[in-house]
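Here is the structure we will look at.
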Amino acid sequence: MAHSFSYINGEITVTGVLDVKEFGSTEILAALEGESLSIKGSEFKIISVDLKEGRLIATGKVSSMQYGGGLTGGSFLRRLFK
């Protein structure tokens with residue numbers, strides 16, 4: 001699954017999202033196919049998460065982002081709604 005990232009006027013859109021591992025006011029950690037995406041900044045708020053469509057939309061101020069290797073561990077959303 002291909003993925004993309006956009007940041008326009010404080011709105012963050014990520015596609016190709018398989019899972020959201022962590023989400024807080026200063027960091028978003030998402031699992032993409034074969035790798036992870038870490039977004040750091042401030043004032044993050046989730047607008048919507050649709051894992052069926054593979055889309056995460058949030059707002060906030062981005063200071064950095066980093067692609068990394070694959071992730072392990074449980075899903076943040078699954079733990080939240082357990």
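Considering OG of Ser64 and NZ of Lys40, their distance stands at 6.0 Å, rounded to 0.5 Å. Atoms CG and NE2, from Leu18 and His3 in turn, are 10.0 Å apart once rounded to the nearest 0.5 Å.
Across every non-hydrogen atom of Val20 and Val49, the tightest pair is CG2-CG1, 4.2 Å. Taking all atoms of both residues into account, the shortest heavy-atom contact from Lys21 to Ala31 is CE-CB, 4.1 Å. Between Arg55 and Thr15 the shortest heavy-atom distance is NH1-CG2, 3.6 Å. Here the closest heavy-atom approach between residue Phe23 and residue Lys45 is recorded as CZ-C, 3.6 Å. Across Phe44 and Ile39, no two heavy atoms sit closer than the pair CE1-O, 3.6 Å.
No continuous path of ILVMFWY side-chain contacts below 4.5 Å connects Ile46 to Ile57, so the two sit in separate hydrophobic clusters. Linking ILVMFWY side-chain heavy atoms closer than 4.5 Å, directly or via other members, places Phe5 and Ile47 in two distinct hydrophobic clusters.
The main-chain N or O of Gln66 is never found under 3.5 Å from a side-chain atom of Ser38 such that the two would form a donor-acceptor pair. The main-chain N or O of Lys52 is found under 3.5 Å from a side-chain atom of Asp50 such that the two form a donor-acceptor pair.
Put simply, the side chain of Val14 reaches to within 4.5 Å of the side chain of Leu32, judged on heavy atoms.
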Review item, side-chain donor-acceptor pairs of residues 6-13, under 3.5 Å, at least two apart:
{"residue": "Tyr7", "atom": "OH", "partner": "Gly60", "partner atom": "O", "Å": "3.1"}
{"residue": "Tyr7", "atom": "OH", "partner": "Val62", "partner atom": "N", "Å": "3.3"}

